[in-house]
Structure formats: C-alpha cells, structure tokens
Amino acid sequence: MSDIRKDRLHDHYVLIAPERMRKPDTLGNTAVGEPIDDCPFCEGHEGMTPPEIYAIRSNEANAMHWSVRVIPNLYKAVQIELDNHSDIDGMFESRLGLGAHEIVIDTPQHDGRLSTMKVTQISDWLQAISERISDLKADKRLIYASVFKNHGTSSGATQFHPHTQIIALPVMPQSLLKRLERGLQYYRRHGRSRLEDILVNELKAEVRIVSKKGTFTAFCPFASSYPFEVMIASTSESTSLYKLNRDDIGHLASLIQEVFQRLEAELGNFNYNLAFDMAPLNSNFENEPFMPQLEKYYRMNIRIMPRIYRLGGFELSTGIFINPVAPEEAAKLLRETKI
Ligand SMILES: [Zn+2]
C-alpha cells in the first residue's frame with residue numbers, strides 16, 4: 001500500500017511506495033542487447049505478465065502477434081482500487097496511493113530502440129499511449145498522468161526491454177500547477193501560449209532547430225537543462241496526444257525516429273529519460289481555475305533528456321542544472337550529423 005504525502009517545506013508531493021522495493025533490477029547483470037529467456041516483455045512470454053489492458057494486435061488477447069501491449073505494473077507505485085481518502089494531521093498531509101500504474105511495451109523486439117523501430121511501430125506506440133490517456137481520463141478521480149520512458153541504467157531503468165510507464169494520480173504535480181498558472185497569465189497578457197511563442201522565436205532564430213516534420217519541430221531548448229536535450233512541439237493547438245489525428249501521429253513518429261537516429265549518431269546508444277508533457281486529465285480543487293482556457297494556452301510537448309552526466313548535490317538542492325554543452329552547438333551537431 002502506498003502513500004501520497006505532501007512535503008510542506010518544499011511544496012511538492014512524494015510517493016511513499018514500499019511495493020517498489022521488490023522490483024527486480026534486471027539490468028545489472030544483462031549484457032546490452034542480449035535477449036534473455038525470462039524477459040516478461042518479449043513476444044511469446046505473454047503469460048509472464050498480468051493480463052493486458054490494451055494491445056494493438058492481429059491475434060487474440062494475451063497471445064503472440066502484437067505490436068504494442070499495455071499491462072498493469074506488477075511493482076506499482078499506486079493502485080486504482082482505493083477510495084480517494086486524504087488525511088491531515090497537523091503538518092502531515094497524506095492520502096492513500098490511489099492511481100494507475102501501467103506499462104506500455106513499446107515493441108515485441110527486446111533490443112528495439114526509437115532509432116531502429118519502424119515509423120509504423122512508433123505510430124502504434126504513440127497510439128497506445130493516446131488510447132490509454134483517453135481511457136484513464138474517464139476516471140474522474142484521476143487528475144494528472146505522467147508518461148515517461150527510462151532508457152539505460154543511469155536513467156533509472158531496471159528493465160532492458162523497451163517500455164514506457166504511465167502513472168496517473170489523484171493530485172497535480174506542483175511544478176505543473178505553477179506552469180499552468182504562469183501559462184494562463186501569459187495568455188491573458190499576450191493572447192498566445194508561451195510554448196507557441198517560444199517555438200515561433202526558435203523557428204525565426206534557426207540556430208537551435210534540429211529538424212521538422214508536418215507541424216512538429218524538434219529543437220534544443222534555449223535553456224536546456226541537459227546536454228543534447230531535445231524538445232518536440234507542434235505549431236498547431238493540441239493539449240494532449242489523444243487530440244492528434246492520424247497524420248499528426250505519423251509526422252510525430254517519423255520525427256521521433258529521426259531525432260533518435262541523429263542523437264545516436266552523436267552519442268552512441270545513450271541513456272536518457274523521455275517525458276510527455278500533456279494537459280491534466282481532469283479538474284480538481286487545485287487546477288480548476290486554470291482549466292477553462294487550457295486549449296488556448298497549453299501545448300503538449302515531448303522532452304528528451306540524455307543522461308550523460310550524473311546529477312549532483314547542486315542540481316538536487318537548487319533545481320538549477322549545470323549543462324556543459326551549449327544548445328546551439330548540440331543542435332548544429334545533430335543537424336549536420338550523417339544518418
Ligand atoms: Zn524482452
């Protein structure tokens with residue numbers, strides 16, 4: 001049983017999840033790229049996972065011949081079958097770890113990567129995430145979903161087989177709440193979204209652009225926290241993945257593949273975290289003031305954060321990152337590299 005606790009000093013939430021302690025670390029003793037007989041995410045091993053929640057497949061559920069599968073996480077940080085009950089005792093505010101924790105198995109291929117996966121496979125992966133987000137949104141207790149990928153040991157990954165995690169929570173991350181507030185203020189002042197203006201300025205400056213496909217642009221953000229950080233954003237209005245049409249998904253998939261091919265050409269098979277920044281699922285007392293005009297001022301984006309250097313005390317204590325590679329230099333290398 002997990003607990004969602006409010007840190008009153010730093011003004012953020014913490015998930016206390018003892019279940020996670022039992023999670024096996026399979027990366028420690030596995031050679032990179034070597035398929036392992038007991039990998040629960042490989043095709044043919046469907047019986048080793050809990051029954052699937054969703055799949056894109058040409059066969060019956062929980063059998064072979066699939067392109068993407070979504071399953072509940074066995075070592076979940078939160079669980080769905082709980083009441084949304086909170087408890088405040090003086091300075092100690094907590095609630096039961098209500099939520100959903102799902103694993104999207106990106107591809108049947110054990111050593112698949114976003115650089116080597118076909119565009120149709122990446123489209124299926126995006127489609128699966130999109131379907132899950134719109135389904136989780138139907139549960140009004142769930143307020144926010146974090147969608148992320150960890151690749152490689154220094155990113156926090158414990159399973160080699162390519163996968164993405166979805167953690168849906170009954171609370172808003174405080175950092176996102178602040179961004180919504182500032183985004184709405186900016187919109188009221190300028191009549192545009194902040195990300196839209198950033199993108200327009202990046203497109204004009206050109207120096208940090210990596211590539212473009214359809215309405216999507218990949219660029220190294222002006223104030224990148226990580227060396228070779230890449231953000232993918234769209235010039236069209238879309239707050240979440242499930243709002244994209246088939247063409248958008250195709251362009252996005254193709255751009256993701258290209259960006260990873262360029263990053264790998266420069267960095268090899270690098271460790272990274274990837275996060276989808278998307279609108280909250282539902283309204284609650286915290287985000288309610290910012291929800292009505294969300295479509296106008298909020299834009300989804302994807303952030304790719306290569307984990308080349310380890311974070312130290314300065315980053316953890318201040319939230320200020322030290323990035324040794326100028327984003328202009330990173331973008332130039334990525335643009336000009338041969339793929
Ligand atoms: Zn596998």
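Order of listing sets the numbers, starting from 1, for every ligand and every atom in it.
Aromatic rings of Y54 and W125 (six-membered ring for Trp) have centroids beyond the 6.0 Å cut-off, not under it.
Cation-pi geometry between K6 and Y13 is satisfied (NZ or CZ under 6.0 Å from the ring centre, within 45° of the ring normal).
Hydrophobic clustering (side-chain heavy atoms under 4.5 Å, transitive across Ile, Leu, Val, Met, Phe, Trp, Tyr) keeps F228 apart from I339.
Angle subtended at the Zn ion (ligand 1) by C42 SG and C39 SG: 120°, rounded to 10 degrees.
Looking at H110, its N, O or S atom nearest to the Zn ion (ligand 1) turns out to be ND1. The atom of H161 that is an N, O or S and sits closest to the Zn ion (ligand 1) is ND1.
Note: H161 and F41 have perpendicular aromatic rings, judged against thresholds of 30 and 60 degrees for the angle between ring planes.
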